[in-house]
Each structure stands twice: as structure tokens, then as C-alpha cells.
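Shown next, in C-alpha cells, is the structure this report addresses.
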2 protein chains.
Amino acid sequence: MDAQQIAQVRRFNRVVTQRVGALEDSYLARGRPLGQARLLFEIGPEGAELRGLRDRLRLDSGYLSRLLRALEEQGLVAMEASGDDARGRRVALTPAGLAEHAAYESGSQDFAATLLAALAPAERERLVKAMAEVEALLEASVVTIAFERPDTADAIACLSAYFAELDRRFQGGFDPGAPVERLAEGLAADGHFLMARREGRPIGCVALVPLDEATGEIKRLWIDASARGAGLSRRLMERMEDKARALSLTRLVLDTNRTLAEAQALYRRLGYQQIGRYNDNPYADHFFEKRLA
Amino acid sequence: MDAQQIAQVRRFNRVVTQRVGALEDSYLARGRPLGQARLLFEIGPEGAELRGLRDRLRLDSGYLSRLLRALEEQGLVAMEASGDDARGRRVALTPAGLAEHAAYESGSQDFAATLLAALAPAERERLVKAMAEVEALLEASVVTIAFERPDTADAIACLSAYFAELDRRFQGGFDPGAPVERLAEGLAADGHFLMARREGRPIGCVALVPLDEATGEIKRLWIDASARGAGLSRRLMERMEDKARALSLTRLVLDTNRTLAEAQALYRRLGYQQIGRYNDNPYADHFFEKRLA
DNA sequence: CGAATTATCTGACTAAAGTCAGGTAATGGA
DNA sequence: TCCATTACCTGACTTTAGTCAGATAATTCG
């Protein structure tokens, strides 16, 4: 990355934190300490477990407790017992708290609207588009990618999400042929499993299964809907190719269904070439291979 | 503007202030209270007047004084008398202060680099481009546009910048034919003058001079280089069209030089049609008109 | 069951941030 | 010249933010 890019990022950081950060805070504060305001906002109309609040806002448990006491005295929140674990507790907004929350919501909306109102419609659209792009790529930049065991709860959640999506998208649905757990165990025995996480939560995966001395098969490429469009699948695939090279494989193959157009486009962009059928997978319509340098 | 746009802006605000704002602060702090760190950073290698610091950082004068005392005790800054007003004071960084400032600079660079390093080169480029777009449009959104007298110092600065640019761009240079001040007085007598400012500083202008009962001429459209590409000229032109309609004009005309290609493109986009020469301006090569609805 | 762990709360702190009411010296206008 | 204003400083506060060491009750694991 070059100096110009770094300079642009810094300029962006400066402008945005000034223009957005400070102002948003002032809209959010509403004459209340910012800590209390943020907490009230984070609790939200559905209420929340204290545990989660501590994690999301990175608060010391003593501090959180005190903030809650303050909001409680103002009649804005009420504490409740948590469902399954009697140690944990929940907070919910009282009617007064809900009203305050709504005021925050509309303040934040007003702020966004003010920002947009200063622009002509065409520029407005450009701004919104560019913001979406920045947001998606910033999210992508905090994604971590690592090889993991495919039989952990998180990995199985990924595989299940993948199968569920295939079931939705294939005409006639999709049946993996065996329980997810069994397939995961199989992968653990003879494959490699790469997982992408954002803030700890799994958002994507891909598997590699050696077929013979020289050939590996790419399987189970899945990206959560919230993480698409930021080049994550490419990052996963490239990382897996590195692995294949490290395993001395010289050829990767994969199959795919005709409804997965964006996947096919990705494979082509990555240098995969269409080949003839190499397995009897009834769901597969297209077959690809790539020679590894 | 629609709800989706507002929602996108809010999401952007949330993600960016979390990802960028908080982290940048931690890079900036370097084990020093954030207030002191910000002040040190803001003083900069050239030093600064206390007055300006108070304004830019919105600090109480007592608080600023105290922060400076703290930095002084650490040997990072030195106070000096201000040039013209013996009440005012300046701060400058000592060698130790300069070293700390440099450390902040490099920390901020590291942060930007870390952000980019997590992305593949193609995404990196997309991110930088989108950041530039957001930055430019956010800047544009704090631009204020208003009719002002054309014979103030700021307005004359705009007109001078305009003439200087024409002089640079025209083959053979440009001679306005009279001193800027005289032309400004003329405009004040029979025209209307619209000015764009960003944080108080003039960054663009346009003038309207009625030619007869029904026709007005658009002149002196200028946008500072730092403000181009965000649709400001369009905003100025549209605002001036509104003014023309309010004056019951039904037709606007303007002339332009062949080297100003982007201006011609703008006029066409705004619905101006090319017509024959309507004056004897020796610098004009193309003539346009627009019928007002 | 008993020991270790976990979730929350309370009390006792400290540091940082920010406010307010004077006070002094320089400046500018009547 | 005199008086209001301005720029900065100092002292005396208050509020926020955040930390840390127990205490208590529920849960989990061996």
C-alpha cells in the first residue's frame, strides 16, 4: 500500500470523526452523561442481558451496575431476572425509557437527514453509495481468517447455514445426505477447514478435501449475507489455494449448481476453467478446475 | 431523501465512529490524557495562537490554560508572546514536543496502514476511493451558499481567484479589462452575487446580471480546486436559476471559452443549449441559453 | 456433594474533563 | 484620558469516567 493511500485514509479519519463523531455524540447526549445515553440506546426496546451489554460497550461490571442504577432512579429502566440462568439479569426500558429511546432514534435520524439535506439528490445518492462501500470494507477489514476444526459448534453452524441456503436456492431443495455433524466429522478426518470470523462470530467458511496425490476438491464455500460484496470469498479461496500449494497439490477441482451464478463468476475470475463432470453429485451442474503454479 | 438513505447514513455513522473514532483515539493517547494529546497534536510543528486553539478544540479558556501548563511542565511546549497583540499568546513545541508530535503522526499512519493491510489490494483501492468520495461529499455538505455583496474582501478574493485561473488556462492569458474592485462595484450596482463558503472560507461564487426585461447573464462561475467534484457548481447554478425565476426572468444566457471543457459539460447537463454569439467578448468561444420554466 | 467458576452488585477509590467566578494586563473607542 | 472589552490566568469547585477489591448467589464440573 502506498503513501497516498495512507494519506487518504488519515484525511478520511480526521474529517469523519470531526463531522460525524462529535456531532452524533451531541445528538445522542440530550443533556444526559454520554455513558448513560449510550447505555440506554444500546438496551433498546427489546431489553438486553447485562452480559451482552458489558461485552458490546466494553464496560467494567461495576461501572455498568452503577450506570443502570442511575437510569433506574430516573425511572427509565427496570431490572428483570434472566430466563435460564438465575445469576444473569436483564434490563428493559420502562415506558419513560422507551420514550427517551425514541427521542434518541429520531435525533440520530434528524442528524442523518440534515447531512443529506445539504446535498443535491445526485450527490446524495453518491454519498450513500460510497458510505455503504466504506462500511462494508471496514467491516471486511476486521474479519479474521483461520484454519479451524470443522466439528466445533461454530463450524457446524456455518455448514448448517450453507446447507440451508442451498436448500432455499436449489429448485427442489437440497439434502446433504447425512446429518451435518457426521459430515463435519468426515471433514475433520480427511480435510481442511478455513473459517472467517467477524468479532468472533463465524461469517464464512470453505473446505478442502484431497482427492488423490495431486488433486484437491474445494467444497462448502459459504459467506454470510451480511459479509458479501467485500471480497471475502476471494480471500478465503486464495488462502485455501496457498494451503493446497503447501500440501503439494497441483490441481484444484470443484463443482457447483447452476443457480449459484455469483459463485461461478467468482471461480472464473480466480482462474478456474470449466471441465467435464468428475463426480456423480446429483446437485452439480458445472465443474471447474485450476492448475496451481 | 428516503428512509433507506437515512438508514445507510446511520449505519455508516455507527460503524465508522466505532471502528475509526475509538481506535484512532487510542493511537493518539500514548499514555497521556486524551485532552493533552489532542492539544499537542493541534498545536503542531508551526505552533499556534491560543485564540485559535480555543476555537478549534472548543475549550474553556481556563481549561486550555491548565492543559498548557501541564504540557509545559512536561517540557513539551513553550509559551511565547504573540506578534501584534500583547494580550494574545502563542505556544510552540519544544524539541521534545516535536518528537512527541512526530510519534503521534507515525501512530496515526500505522493505524491507517493496519486498516489497509487487512484487505486485498483490489479492495484496498476500492476502500480508498470510497473514502475519498465520502470525504469530499461530507465536506460539501457543510458548504453554505448565500447571496452576498460582491464588493467585500471575501468576494473580491473569489473574483481574483477566478481571473487568475482564467489567466492560467487561456492561451495568451486573460485580462479582465479593469481592476477587480471596479468590476465588483459594477456587479454590486446591477447584479446578484452568490457565494459558497466552507467553515467561513469562500470557496466558490457565481454572478447574475440582468441584460433586459426577460434575460439574465450568468458570469464569474468559479469553484476552488479543493471543492470540485462534489456538485457544488451545480448547486450554485440551480440556486441562481431560482433567483432568476424570482426576478421573473425567462431566459438565461452565458458565454465561455473553449478551454473550459468541464464548464461546457456542466451547462449542457443543466439544460443549456448552444446559441450564436450574443456579445463581443473576445475571450468567449461558445454561447449558451436556457429557457426558464 | 464440594470446589471452582461465573454474573452481578457495592463501596472506596482516582483521574480526567469541564465549569465558574474573579483577577491582571493590554487594547480600542468615545 | 477613561472605561468597556478582550485575552489569558488562577483557584475552587462539580461531574463523568473508570478501576479495583471484596461480597453474594447461582452454576458447573469432577
Side-chain angles (χ1 to χ4, degrees), chain A residues 17 21-22 24-26 28-43 47-74 76-92 100 153 200, chain B residues 17-18 21-43 47-74 76-92:
Chain A
T17 49
E24 175 99 278
D25 278 357
S26 73
L28 192 60
R30 288 177 52 77
R32 200 186 307 285
L34 203 55
Q36 286 182 29
R38 265 199 248 279
L39 179 56
L40 186 64
F41 191 80
E42 190 71 27
I43 291 170
E49 305 274 338
L50 297 204
R51 181 79 219 274
L53 289 173
R54 269 217 324 274
D55 286 355
R56 276 179 307 212
L57 298 176
R58 308 241 161 94
L59 293 174
D60 172 88
S61 87
Y63 189 26
L64 171 62
S65 200
R66 212 173 314 276
L67 286 174
L68 285 172
R69 233 40 69 224
L71 290 176
E72 215 174 5
E73 274 165 35
Q74 295 167 57
L76 299 172
V77 306
M79 309 300 297
E80 327 173 323
S82 173
D84 33 328
D85 185 335
R87 290 171 304 181
R89 299 236 277 162
R90 287 182 60 81
V91 239
E100 273 300 292
Chain B
T17 48
Q18 261 196 12
L23 270 178
E24 177 99 276
D25 278 356
S26 73
Y27 268 84
L28 191 61
R30 288 177 52 77
R32 198 187 309 282
L34 203 55
Q36 287 181 29
R38 264 199 249 279
L39 179 56
L40 187 62
F41 193 78
E42 190 71 31
I43 291 172
E49 305 272 337
L50 297 205
R51 182 79 220 273
L53 290 172
R54 270 215 322 274
D55 286 354
R56 275 179 308 212
L57 297 176
R58 307 242 161 90
L59 294 173
D60 172 89
S61 88
Y63 189 26
L64 172 61
S65 201
R66 215 173 311 276
L67 286 174
L68 285 172
R69 233 40 68 223
L71 291 177
E72 216 175 3
E73 272 165 37
Q74 294 167 59
L76 299 173
V77 305
M79 309 299 298
E80 326 173 326
S82 174
D84 33 327
D85 185 335
R87 289 171 302 180
R89 300 236 276 161
R90 289 181 58 80
V91 238

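Throughout, protein chains are lettered first and strands after them, A, B, ... in sequence-line order, and every chain is numbered starting at 1.
Residues A/Q36 and A/Q74 have side chains that bring a donor and an acceptor to within less than 3.5 angstrom of each other.
Of the residues in residues 61-72 of chain A, those lying under 4.0 Å from DNA chain D by heavy-atom distance are A/Y63, A/R66.
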Problem - Step-by-step side chain to side chain contact (heavy atoms under 4.5 Å, CB included) determination, B/R51 to B/D85 - result: CA-CA 11 Å; B/R51 182 79 220 273; B/D85 185 335; over 6 Å; no
Practice task
Walk me through it: do A/R38 and A/L34 pass the test side chain to side chain contact (heavy atoms under 4.5 Å, CB included)?
Solution key: CA-CA 6 Å; A/R38 265 199 248 279; A/L34 203 55; 3.1 Å; yes
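Taking atom CD on A/E80 and atom P on C/dT8, their separation rounds to 13 Å, with Å as the unit. The distance from atom CD of B/Q36 to atom C1' of C/dA15 is 11 Å, rounded to the nearest whole Å. One interatomic measurement links the two molecules: CG of A/D60 to C1' of C/dT14, which rounds to 14 Å at whole-angstrom precision. Rounded to whole Å, the distance from CZ on B/R90 to C1' on D/dC8 is 16 Å. What separates CD of A/E73 from C1' of C/dC9 is a distance of 14 Å, to the nearest Å. Note: CZ (B/R38) to P (C/dA16) measures 14 Å, nearest angstrom. Spacing between atom CD of B/E49 and atom C1' of C/dA26 amounts to 15 Å, rounded to whole angstrom units. Distance, A/R54 CZ to C/dA7 C1': 6 Å, rounded to whole Å.
Of the charged side-chain nitrogens involved, none lies within less than 4.0 Å of a carboxylate oxygen, so that A/R89 and A/E80 do not count as a salt-bridged pair.
Which of D/dA17, C/dC20, D/dC8 sits closest to the side chain of B/R51 comes down to D/dC8. Of all nucleotides listed (D/dC20, C/dC9, D/dA26), C/dC9 comes nearest to the side chain of A/R89. The listed nucleotides are C/dA17, C/dT6, D/dC9; the one nearest the side chain of A/R87 is C/dT6. Of the candidate nucleotides D/dC9, C/dA26, C/dA17, C/dA17 has the atom nearest to the side chain of B/P33. Side-chain proximity of B/A86 to D/dA17, C/dT19, C/dA26: nearest is C/dA26.
Residues A/A48 and A/I43 come closest through the heavy atom pair CB-O, 4.0 Å. When all heavy atoms of A/V77 and A/L68 are compared, the closest pair comes out as CG2-O, 4.0 Å.
Between A/D85 and A/L59, the residue anchored closer to the 5' end of DNA chain D is A/L59, taking for each the nucleotide with the nearest heavy atom.
For B/R66, there are no side chain to side chain contact (heavy atoms under 4.5 Å, CB included) partners two or more places apart in sequence or in a different chain.
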